[in-house]
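Convention: sequence-line order gives letters A, B, ...; per-chain numbering from 1. Keep in mind that the numbers below use all heavy atoms, side chains included, and drop hydrogens, waters and symmetry copies.
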Number of protein chains: 2
Amino acid sequence: MSDSNPSPTTQTDDRRAAIIDATVESFGKLGYYGTSLQRIATEVGLTKAGVLHYVGSKEGLLSLVLGEVYDRETLDIMAAMVTERRPLIADMWRRIVTVNAKRPALVHMFSTLSAEALDPEHPAHDYFADREHQAVSNAMNINWCVPDGVNVEHVLQAGFSMMDGLQLRWLRTPGQDLTTMWADCEDVLMPLPMWDGYR
Amino acid sequence: MSDSNPSPTTQTDDRRAAIIDATVESFGKLGYYGTSLQRIATEVGLTKAGVLHYVGSKEGLLSLVLGEVYDRETLDIMAAMVTERRPLIADMWRRIVTVNAKRPALVHMFSTLSAEALDPEHPAHDYFADREHQAVSNAMNINWCVPDGVNVEHVLQAGFSMMDGLQLRWLRTPGQDLTTMWADCEDVLMPLPMWDGYR
DNA sequence: GTCTATAGTCGGATAGAC
DNA sequence: GTCTATCCGACTATAGAC
């Protein structure tokens, strides 16, 4: 085959990928309001006009990174849990932590945007509100295997809250291992002997 | 007394208070980078130059709101715990929650700035890094009354993380009661019967 | 598809009048 | 103590050349 392109529109896809990478980093560091098209353009070696050709507008940047990424892997984890014979909440969280530990830039962006988007007028407010609601409501559709007497919804709310807060701590101090930090949290969240055999 | 001023420099203090209020709200909604001096000026009925007369620079705004407020009440709570005969971690958290439930604007600002300041180059990065570290290390100096076998440091890390995450959830959806939300979290964080008599 | 050029607005900060 | 005026730079977005 003389075709050196493994797939069509590869150059355009590369540009998009570069724009996504630069945007994830900048939204993480500076937030949506703090990020300028010029910064993204400089990072990927284009002019502002060049970037706008790809994303249409600044809000287009936001749609790009919110729609293209993050939740895909997490949703896969949830889907996998449904098919388990004996689904454990601790398993779900450990898998999420394992995935997130490998993508600090993405976690950084989501942490920053999540706080910025508390304001109802933020362009990503609804996205984060829906997301937060669905994380728990999706998880509530699984027939979790838990010790007698525990309130599953409360555990989920508490655990997701804890993970959000822990990720902030993880990102603030370099050199820490999220997996280890979560293991300590898990001991608190699902203490033995109460959760013995359930995690 | 013909002096209608109850204390000197009252007008200046009022201006400062108005600037603080407007800044807390704007930093919460838009973050530090997203806030303009013009916005603060309009809010308090001054021009940009007028605001700068009081705060010197945009970073002066930041110092003003970080130094003037938030941690004071929380530190008071910690100081009070030291003197208790039988200090309970759950008590500390309930008191913090009670205080924060009454000042959503301040909690909003701290949540937003805390995420924005993950970036080491953010002007408030060190402030938040120190603050986060000291919250746990201050608490570790108290002789907490806990059930046998619990790791106090892990509980503190987990609990503070959970509270940070919970406050984001609280602020995102209006009409919720932080105290109630925390009570549910407490049941998870310090489950009965293990923590019976310790909370 | 990417550029230059430009429009038009808004940013922080300073100088100096009152 | 607060204003007006002004500087200079950065911003988003558009138009049009190539």
- Considering only NZ, NE, NH1 and NH2 on the basic side and carboxylate oxygens on the acidic side, decide whether A:K29 and A:E43 come within less than 4.0 Å. no
- Is the backbone of A:A80 close enough, under 3.5 Å, to the side chain of A:T83 for a donor and an acceptor to pair up by distance? yes
- Task: Tell me yes or no: between the side chains of A:Q38 and A:T42, is some donor less than 3.5 Å from an acceptor?
- Result: yes
- Message: I'd like to check A:V150 versus A:W195 (side-chain heavy atoms, cut-off strictly below 4.5 Å). Are they in contact?
- Response: yes
- Hey, does A:L171 have a side-chain heavy atom less than 4.5 Å from the side chain of A:S111? yes
- Closest to the B:L46 side chain, choosing from D:dA13, D:dC3, C:dT2: D:dC3
- Item | Residue whose closest nucleotide on DNA chain C lies nearer the 5' end, B:S36 versus A:G50 | A:G50
- Task: Enumerate the residues from residues 53-61 of chain B whose closest heavy atom to DNA chain C is under 4.0 Å, giving them by residue number; use none for an empty result.
- Result: B:S57, B:K58
- Message: Here's a test of your reading of the structure: between B:G45 and B:K48, which maps to the more 5' nucleotide of DNA chain D?
- Response: B:G45
- Task: Specify the separation, in whole Å, of atom CD1 of A:I40 and atom C1' of D:dC11.
- Result: 14 Å
- Item | Between C:dG1 (P) and A:R16 (CZ): distance, integer Å | 12 Å
- Message: Without decimals, in angstroms, what is the distance between B:I19 CD1 and D:dG1 P?
- Response: 12 Å
- Figure out the CG/P separation between B:L37 and C:dA13, and round it to whole Å. 6 Å
- What's the shortest heavy-atom distance between A:K58 and A:Y32, and which atoms? NZ-O, 2.9 Å
- Message: From CG of B:L30 over to C1' of C:dC10, roughly how many Å is that when rounded to an integer?
- Response: 14 Å
- Message: Whole angstroms only, please: what is the OH-P distance between B:Y32 and C:dG11?
- Response: 14 Å
- Are OP1 or OP2 of D:dC11 and a side-chain N or O of A:R39 less than 4.0 angstrom apart? no
- With a non-hydrogen cut-off below 4.0 angstrom, is B:T47 in contact with a base, only sugar-phosphate, or nothing? base
- Task: Would you check if B:W93 and B:M190 make a side-chain contact, meaning some heavy-atom pair closer than 4.5 Å?
- Result: yes
- Query: Is B:Q38 near enough to C:dA13 that one of its side-chain N or O atoms lies under 4.0 angstrom from OP1 or OP2?
  - Reply: no
- Message: Let's see if you can work this out: which of C:dT14, C:dG12, D:dC11 has an atom nearest to the side-chain heavy atoms of B:L52?
- Response: C:dT14
- Task: Find the distance B:D14:CG to D:dG1:P and express it as a whole number of Å.
- Result: 13 Å
- Regarding the side chain of A:A49, the nearest nucleotide among D:dA13, D:dT14, C:dG1 is D:dT14
